[in-house]
Amino acid sequence: MHQINKLIYQILKMCPKSIVKIFSKRYVAGFDFSETLKICKNLNNEGFCLTLDILGEHTPTEKDSKNITLEYINLLKTIKENDIDANISVKPTHIGLDQGYEIFKNNLIELAKTAQKYSNFIRIDMESSKVTDDTINAYNEVLKKYSNIGIVLQAYMHRSFKDLAKLPNTLNFRLCKGIYKESKEIAIQDRKEINENYLKILDHALSKGMYVGIATHDEYLIKESYKLIEKHNASNDKFEFQALYGVPMNSWHKHNLSKNYKVRLYMPFGDNWYDYSLRRIKENPDIAKYVLKNLFK
Ligand code: FDA
């Protein structure tokens with residue numbers, strides 16, 4: 001099956017975009033915003049809260065990154081006007097970090113200011129290790145003035161536990177495994193060790209009363225998280241579960257919602273859907289089944 005999946009992924013990569021688009025629908029929450037809005041309303045009605053991500057990264061010019069920031073500002077306004085239960089997730093290199101730290105930080109301040117006006121929240125996604133320091137530094141600087149901002153820690157990074165210890169106990173962070181290719185000097189490569197570090201970080205965070213977005217599709221980690229929640233007697237307002245839109249997690253979501261745990265879905269949308277979709281399709285263990293099902297539809 002592994003070989004068939006690999007082959008299908010290679011074929012999809014050579015297909016015209018219009019074909020890939022058919023398979024992308026599962027992972028992309030709308031190619032234009034009116035579509036996204038409908039999907040968001042339905043998911044809110046089913047009990048999910050959301051985080052919206054305008055797809056894209058490594059914006060090429062300062063002007064472009066300003067435009068993306070403005071798109072995010074409009075998004076915050078639209079969320080408010082439509083009474084959607086969603087915050088936003090933003091990548092540092094999407095809003096200017098490739099053009100310079102100050103440009104990124106100033107755009108981030110604009111977002112935090114707007115989010116405060118609309119009683120909303122900004123999650124700064126964590127990208128590769130090249131930008132970890134800048135991301136944490138900008139977070140700390142913006143936090144001095146705006147509290148409605150949060151960060152992401154990646155369990156595969158050797159440094160993450162130390163980073164956590166330096167961050168305030170009022171921290172609101174998302175904990176994920178980490179998706180970028182990193183060397184063994186920078187990131188743990190062994191899956192079991194990554195899981196151990198994930199749980200070590202979660203244990204520490206819950207013991208300090210930090211707010212954690214437990215972002216994983218790994219059933220083992222979800223089960224172990226329940227144990228830690230119980231161990232620390234953590235109340236529902238100290239954590240939430242997070243998953244990517246489209247990853248088949250239905251029974252876990254139902255279970256979590258039935259326990260009154262908050263479940264937040266990460267909703268990527270917009271024009272830059274191609275690379276993101278291929279990455280997600282590649283990670284889908286049932287890709288062959290999934291492609292066949294869509295072909296027959
Ligand atoms: P793992 O990879 O072990 O997957 C667990 C199970 O889920 C496996 O059985 C797998 O088959 C299944 N699965 C995973 N992806 C699937 C897919 N696309 N389709 C079907 N099944 C799939 N990373 C980062 O570096 N910076 C960030 O800011 C974020 N942000 C983020 C937000 C949210 C809400 C999530 C859920 C994840 C991220 N990530 C991220 C990605 C994260 O670091 C990680 O790469 C993925 O979540 C995969 O790791 P899991 O913990 O899900 O475990």
Side-chain angles (χ1 to χ4, degrees), residues 1-2 5 8-9 12 23-29 43 48-53 55 57 86-94 97 122-132 135-136 139 150-157 159-160 163 172-182 186-199 201-202 212-225 239-253 256 262-268 275-291 293-294:
M1 191 54 122
H2 187 64
N5 280 346
I8 288 189
Y9 170 70
L12 274 179
F23 303 104
S24 301
K25 282 203 174 112
R26 170 170 179 166
Y27 296 109
V28 174
L43 288 170
F48 294 101
C49 51
L50 312 165
T51 185
L52 293 182
D53 164 60
L55 280 165
E57 57 201 343
N87 59 36
I88 64 170
S89 284
V90 56
K91 290 193 171 44
T93 69
H94 203 194
L97 186 53
I122 311 288
R123 170 82 55 206
I124 319 170
D125 282 345
M126 190 60 88
E127 299 183 80
S128 79
S129 61
K130 287 191 196 124
V131 298
T132 310
T135 305
I136 294 178
Y139 164 76
I151 206 164
V152 176
L153 291 176
Q154 298 152 316
Y156 71 171
M157 297 283 280
R159 59 178 286 173
S160 285
D163 285 335
N172 177 326
F173 75 107
R174 172 193 301 149
L175 179 58
C176 66
K177 287 189 186 178
I179 203 165
Y180 300 86
K181 186 119 194 82
E182 301 285 0
I186 289 178
I188 307 166
Q189 311 289 320
D190 179 70
R191 293 178 69 84
K192 194 163 159 265
E193 282 177 41
I194 296 173
N195 279 0
E196 280 165 13
N197 203 36
Y198 192 106
L199 294 170
I201 293 171
L202 181 60
V212 197
I214 306 168
T216 182
H217 316 109
D218 185 331
E219 296 188 4
Y220 168 77
L221 282 184
I222 296 173
K223 283 186 202 153
E224 291 299 307
S225 301
F239 64 89
E240 63 189 39
F241 284 90
Q242 297 187 355
L244 302 177
Y245 175 72
V247 175
M249 294 283 293
N250 265 346
S251 58
W252 287 104
H253 292 335
N256 285 334
K262 196 177 257 197
V263 180
R264 188 178 302 278
L265 299 180
Y266 186 101
M267 311 286 288
D275 290 333
Y276 178 84
S277 311
L278 275 182
R279 272 208 307 271
R280 294 273 81 77
I281 291 169
K282 191 177 164 196
E283 281 161 32
N284 186 343
D286 292 329
I287 170 175
K289 240 192 312 182
Y290 169 53
V291 168
K293 211 168 105 187
N294 272 282

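Atoms within a ligand are numbered from 1 in the order they appear, just like the ligands themselves. Predicted, not measured: the structure shown is a model, and the values here were computed from it.
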* Asked: Taking atom types as modelled and ignoring hydrogens, do the side chains of Asp218 and Tyr198 form a donor-acceptor contact shorter than 3.5 angstrom?
  -> no

* Please say whether more than 12 non-hydrogen atoms of neighbouring residues, nucleotides or ligands are located less than 6.0 Å from CZ in Arg279. => yes

* To do: Report the residues that fulfil side chain to side chain donor-acceptor pair (under 3.5 Å) with Arg174, sequence neighbours left out, ordered by chain and then residue number.
  => Ser89, Asp125, Gln242

Could you list each N/O atom of ligand 1 together with any protein N/O atom closer than 3.5 Å, one pair per line with the distance?
unit_1: ligand 1; atom_1: 3 (O); unit_2: Lys177; atom_2: NZ; d: 2.8
unit_1: ligand 1; atom_1: 3 (O); unit_2: Arg191; atom_2: NH2; d: 2.5
unit_1: ligand 1; atom_1: 18 (N); unit_2: Arg280; atom_2: O; d: 3.2
unit_1: ligand 1; atom_1: 19 (N); unit_2: Tyr27; atom_2: OH; d: 3.1
unit_1: ligand 1; atom_1: 25 (O); unit_2: Gln154; atom_2: NE2; d: 2.9
unit_1: ligand 1; atom_1: 25 (O); unit_2: Ile179; atom_2: N; d: 3.0
unit_1: ligand 1; atom_1: 26 (N); unit_2: Met126; atom_2: O; d: 2.8
unit_1: ligand 1; atom_1: 28 (O); unit_2: Met126; atom_2: N; d: 3.1
unit_1: ligand 1; atom_1: 30 (N); unit_2: Arg174; atom_2: NH1; d: 3.1
unit_1: ligand 1; atom_1: 43 (O); unit_2: Gly178; atom_2: N; d: 2.6
unit_1: ligand 1; atom_1: 51 (O); unit_2: Thr216; atom_2: OG1; d: 2.6
unit_1: ligand 1; atom_1: 52 (O); unit_2: His217; atom_2: N; d: 2.8
unit_1: ligand 1; atom_1: 52 (O); unit_2: His217; atom_2: ND1; d: 2.8
unit_1: ligand 1; atom_1: 53 (O); unit_2: Lys177; atom_2: NZ; d: 3.0

* Asked: Phe173 pairs by side chain to side chain contact (heavy atoms under 4.5 Å, CB included) with which of Val152, Ile124, Ile151?
  -> Ile151

* Spacing of NE2 belonging to His217 relative to CD belonging to Glu283, to within rounding of 0.5 Å -> 9.0 Å

* How long is the span from the CZ atom in Phe239 to the CG atom in Asn256, to the nearest 0.5 Å? -> 8.0 Å

